[in-house]
K.L.:
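Dumping the structure here so I can ask a few things about it.
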Amino acid sequence: MSAAEQLLSVRGLAVEYRGTHGERREIVAGFDLDLAAGETIGIVGESGSGKSLSARAIVRLLPPGVHADGSIRYRGRELSDAPDRVMAGLRGSSISMLLQDPFTMLNPLLRTGRHIEECLAMVSGSHRRGDHRALRAEAARRLSEVGISDPAVLDRYPFQLSGGMRQRVALAAALARDPDILIADEPSTALDVTTQAEILRLLKSVQEDRGMGLILITHDLRVAFNVCDRVYVLYAGAVLETAPAHALEREPLHPYSLGLLLSEPAIDRKHEALTAIEGSVPSPAEVAGMCRFAPRCRWAADVCRSGEPPLLGVEQARRTACIRLGEIRGEMQEMRTAAPAQALNSVVRITTEAPLVRIDQLRKVFRDRSGGGEVHALGGVTIEVGRNESVGIVGESGSGKTTLGRCLVGLERPTSGEVLVDGIDASELGKLPRDERVRVRQTVQMVFQDPYSSLDPMQSVGSALNEVLHFN
């Protein structure tokens with residue numbers, strides 16, 4: 001691409017942890033990346049592959065003890081050694097980030113409008129009290145651009161919004177200073193499919209209107225195929241494949257890329273067993289000096305373990321780090337073709353017994369103490385869950401799914417209706433005798449959407465688990 005259209009050029013980006021006692025641990029090996037104006041590239045891989053830290057390295061927002069090496073050029077200007085004040089001026093105005101969890105972007109003590117107004121004020125220099133009305137009007141317009149037309153949302157706190165609305169607010173704030181590049185880190189992972197599609201369409205629309213470059217970080221290849229022009233497949237800190245999105249969707253040229261594709265179940269059939277890549281992502285140190293995917297690859301041979309394969313060109317605009325591609329390409333194609341046919345014959349029939357959980361005519365009304373009226377989150381919901389049965393609760397953000405779950409485990413008190421858990425009326429969990437309360441909690445537990453909200457950052461993993469075991 002020409003220098004005029006190139007926004008970002010990354011060469012040899014490497015990220016490592018450096019301990020206080022001199023220890024060093026590689027997180028991301030050196031890799032190259034280019035982004036043109038109006039282009040969308042995807043960085044795809046499992047959790048632990050180094051996607052987010054690579055993005056943070058670009059904007060120089062790495063956590064303490066983590067350092068990056070390599071060249072990062074924005075519009076031809078080197079950023080790797082730029083002073084902190086220069087980077088502070090570029091963040092938000094030239095390169096902005098949209099994080100996976102809006103709770104980490106939004107201040108829980110600030111109302112929605114204030115988040116956007118603060119960003120807008122940095123653009124206009126409007127800090128005087130008399131400019132507040134204009135800033136508020138512009139903040140309302142920015143919310144409308146991301147699909148929130150109710151101006152009353154400006155006065156709500158993040159905890160008063162659904163996950164989808166929080167992500168929209170975070171997007172409005174990230175775009176408030178009209179950046180050239182937006183790095184979106186798993187922006188749709190926590191959203192329902194309808195809202196996810198809307199957010200992705202919104203990102204593409206904004207990008208096209210502004211000629212903005214977009215870096216989309218995701219573990220979902222389908223999302224990358226729908227949004228991105230090119231895709232980088234990252235694994236254990238190294239790029240294993242790069243390709244145009246349509247070419248990668250048609251035929252992956254690395255076993256890891258194929259594994260990611262096959263791991264997605266068919267949406268119109270049930271499977272007796274879900275396809276998955278065996279094992280988990282290793283640390284780069286565990287696979288040093290070999291193909292990083294070799295311990296999990298069904299086609300791994302001695303040659304794959306004798307050295308780390310380079311990322312070489314195979315076809316136009318396509319590169320792969322699979323040294324055995326010529327030998328296994330046909331077999332990979334056969335697996336890709338056979339996967340849909342296998343799903344057609346893998347139907348599971350579910351039988352249920354008496355309900356383990358019964359929710360009858362459950363209603364929940366939230367009252368706004370500031371005078372904003374009432375929000376009817378649940379309006380007479382009835383659900384039964386049998387033993388050994390999986391029940392899906394599906395709906396758009398704000399439809400009441402999480403509220404229903406919180407009522408079931410006693411984190412919200414229903415306005416009316418009945419919650420029965422293994423025959424115990426758990427509508428008001430706090431009023432139950434201790435033995436029944438313990439029985440309910442041993443029967444029903446909840447895994448929350450965001451682990452950051454579930455886990456105490458001041459506790460080790462072992463401490464968190466031991467605490468739960470102690471109460472059991």
K.L.:
Is the count of non-hydrogen atoms from other residues, nucleotides or ligands lying under 6.0 Å from Gln316 atom CD greater than 12?
P.N.:
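Atom CD in Gln316 is not packed in, count stays at 12 or less.
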K.L.:
With a 4.0 Å cut-off, would you call Asp69 and Arg18 a salt bridge?
P.N.:
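A salt bridge links Asp69 with Arg18.
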K.L.:
Which value, rounded to the nearest 0.5 Å, describes the distance between Leu258 atom CG and Cys297 atom SG?
P.N.:
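The SG atom of Cys297 is 9.5 Å from CG of Leu258, to the nearest 0.5 Å.
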K.L.:
To the nearest 0.5 angstrom, please state how far the CZ atom of Arg292 sits from the CG atom of Leu240.
P.N.:
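Going from the CZ atom of Arg292 to the CG atom of Leu240 covers 8.5 Å.
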K.L.:
With a 3.5 Å distance limit and no angle check, can you tell me whether Arg168 reaches the backbone of Val146 through a side-chain donor-acceptor pair?
P.N.:
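Yes, because the side chain of Arg168 sits within donor-acceptor range (under 3.5 Å) of the backbone of Val146.
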K.L.:
Could you report the tightest heavy-atom contact between Pro158 and Leu106, atom names first, then the distance?
P.N.:
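Answer, listing the atom of Pro158 first, then Leu106: CG-CB, 3.9 Å.
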K.L.:
Using modelled atom types and a 3.5 Å cut-off, is there a donor and acceptor pairing between side-chain atoms of His115 and backbone atoms of Asn107?
P.N.:
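Yes, the answer is positive, given that a donor and an acceptor are paired below the 3.5 Å cut-off.
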K.L.:
Take Arg177 and Leu120 through the side chain to side chain contact (heavy atoms under 4.5 Å, CB included) test and state the conclusion after the steps.
P.N.:
CA-CA 6 Å; Arg177 298 178 66 189; Leu120 293 171; over 6 Å; no
K.L.:
Is the shortest distance from a Lys or Arg side-chain nitrogen in Asp302 or Arg324 to a carboxylate oxygen in the other one below 4.0 Å?
P.N.:
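No, Asp302 and Arg324 are not salt-bridged.
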K.L.:
Would you give the length of the straight line joining atom CZ of Arg318 to atom CG of Leu311, rounded to the nearest 0.5 angstrom?
P.N.:
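Reported value, rounded in 0.5 Å steps: 11.5 Å.
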K.L.:
Would you say Asp81 has more than 12 foreign heavy atoms packed within less than 6.0 Å of its CG?
P.N.:
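Yes.
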K.L.:
Any chance you could measure Arg230, atom CZ, to Leu33, atom CG, to the nearest 0.5 Å?
P.N.:
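One finds 7.0 Å between CZ of Arg230 and CG of Leu33.
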K.L.:
When you measure from the side chain of Lys51 to the backbone of Glu46, do you find a donor-acceptor pair of N or O atoms at a distance under 3.5 Å?
P.N.:
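At least one qualifying donor-acceptor pair exists.
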K.L.:
Do the charged groups of Glu278 and Arg298 touch, with an N to O distance under 4.0 Å?
P.N.:
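Result for this pair is no, no salt bridge flagged.
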K.L.:
Working to the nearest 0.5 Å, report the span between OG1 of Thr112 and CD of Glu117.
P.N.:
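The CD atom of Glu117 is 10.5 Å from OG1 of Thr112, to the nearest 0.5 Å.
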K.L.:
Hey, are Asp84 and Arg60 close enough for a salt bridge, meaning a charged N less than 4.0 Å from a carboxylate O?
P.N.:
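Yes, Asp84 and Arg60 are salt-bridged.
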K.L.:
Between Tyr256 and Tyr235, how do the two ring planes meet: parallel, tilted or perpendicular, split at 30° and 60°?
P.N.:
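It falls in the tilted class, 30° to 60°.
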K.L.:
Any sub-3.5 Å donor-acceptor pair from Ser306's side-chain atoms to Val303's backbone N or O?
P.N.:
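Such a contact is found between Ser306 side chain and Val303 backbone.
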K.L.:
Starting at OG of Ser54, measure out to OH of Tyr232 and round the result to the nearest 0.5 Å.
P.N.:
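It is 12.0 Å, given to the nearest 0.5 Å.
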K.L.:
Please enumerate all residues that pass side chain to side chain donor-acceptor pair (under 3.5 Å) together with Ser283, with sequence neighbours excluded.
P.N.:
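Listed in chain order: Glu286.
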K.L.:
Checking Glu334 against Thr337 for the side chain to side chain contact (heavy atoms under 4.5 Å, CB included) test, could you report, in this order, the C-alpha distance in whole Å, the side-chain angles of both residues, the deciding distance, and whether it holds?
P.N.:
CA-CA 5 Å; Glu334 290 177 5; Thr337 303; 5.8 Å; no
K.L.:
Can a salt bridge be assigned to the pair Asp422 and Arg387 using a cut-off of 4.0 Å between side-chain N and carboxylate O?
P.N.:
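Looking at Arg387 together with Asp422, the answer is yes, because their closest N to O distance falls below 4.0 Å.
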K.L.:
Measuring only between side-chain heavy atoms, which start at C-beta, is Ile181 closer than 4.5 Å to Leu8?
P.N.:
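In contact.
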